[in-house]
Amino acid sequence: MNECIGEQISLFESEMDDHGLARASVKIRVMPTCWYLLFRFWMRVDGVLMRMRDTRVWCPFKVHPHAPPRDGPPTVIKEVTWREGSIVGMDRKDPVLGDPDMAQQLLSVRCQSNDRLEF
């Protein structure tokens, strides 16, 4: 049975004085084999641009109680991605402009880094 505990928490939201939208949120999932966290900051400046900053953190657990012990300390994988794109000329009613998950497909990756953290 794959039990999963998950939660999404909105940390911040602003309509930027009717000039766009800015949101910060965190999604957390804990599964039998690992935990996962997504911190996302998303900003849309109407008629100008959209930016998204994602930080994903993932850490595996021991897979099975009878599995052999892992060598070394626990490892946490962190990925940071910065995306940005122009929205000049887009219709304000386009649903993509209100949904960060859909908008991410339009944005170019400006910077990406991966880190391996060991304790």
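Values reported hereafter were calculated over all heavy atoms of this structure, with side chains retained and with hydrogens, waters and symmetry mates removed.
Under the 6.0 Å distance and 45° angle rule, Arg110 does not count as a cation-pi partner of Trp82.
In this structure, Glu84 CD and Arg51 CZ are separated by 4.0 Å, a value rounded to the nearest 0.5 Å. The NZ atom of Lys78 lies 11.5 Å from the CG atom of Leu37; values are rounded to the nearest 0.5 Å. Note that the CG atom of Leu117 and the SG atom of Cys59 stand 9.5 Å from one another [nearest 0.5 Å]. Within the model, atoms CD of Glu13 and CH2 of Trp42 stand 9.0 Å from one another, a figure rounded to the nearest 0.5 Å. Interatomic distance, Glu79 CD to Thr55 OG1, rounded to the nearest 0.5 Å: 9.0 Å. To the nearest 0.5 Å, atom CD of residue Gln8 and atom CG of residue Leu38 are 8.5 Å apart.
Considering only heavy atoms from C-beta on, Val80 comes within 4.5 Å of Ser113 through its side chain. Looking at heavy atoms from C-beta onward, Asn114 lies out of side-chain contact with Arg116 at the 4.5 angstrom threshold. Annotation: side chain of Arg44 is in contact with side chain of Ile87 (closest heavy-atom distance under 4.5 Å). Between Cys4 and Arg29, the closest side-chain pair of non-hydrogen atoms falls below 4.5 Å. Between Phe39 and Leu11 the shortest side-chain heavy-atom distance falls below 4.5 Å. Between Ile77 and Asp115 there is no side-chain heavy-atom pair separated by less than 4.5 Å. For the pair Met52/Leu106, no side-chain contact is recorded, criterion being any heavy-atom separation below 4.5 Å from C-beta on. Residues Val45 and Met50 fail the side-chain proximity criterion, which asks for heavy atoms closer than 4.5 Å.
Cluster membership check: Val109 does not share its hydrophobic cluster with Leu107, using side-chain heavy-atom separations under 4.5 Å among Ile, Leu, Val, Met, Phe, Trp and Tyr. When the side chains of ILVMFWY residues are joined at heavy-atom separations under 4.5 Å, either directly or via intervening members, Ile5 and Trp35 end up in a single hydrophobic cluster. Tracing side-chain contacts under 4.5 Å through hydrophobic residues (I, L, V, M, F, W, Y), one never reaches Val96 starting from Val88; they form parts of separate clusters.
Remark: Lys27 does not engage Asp54 in a salt bridge, criterion side-chain N to carboxylate O under 4.0 Å.
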- Message: Using side chain to side chain contact (heavy atoms under 4.5 Å, CB included), reason through Arg53 and Met43 one step at a time and then give a plain yes or no.
- Response: CA-CA 9 Å; Arg53 306 290 188 256; Met43 180 182 70; over 6 Å; no
- Residues Arg83, Gln105; criterion side chain to side chain donor-acceptor pair (under 3.5 Å); working and verdict: CA-CA 10 Å; Arg83 297 175 187 270; Gln105 306 304 317; over 6 Å; no
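Other residues, nucleotides and ligands contribute more than 12 heavy atoms inside 6.0 Å of the CZ atom of Arg56. No more than 12 heavy atoms of other residues, nucleotides or ligands shown are found within 6.0 angstrom of CG on Asp18.
Between the Asp17 side chain and the His19 main chain, no donor and acceptor come within less than 3.5 Å of each other.
Here the closest non-hydrogen pair linking Pro100 and Arg23 is CD-NH1, 3.5 Å.
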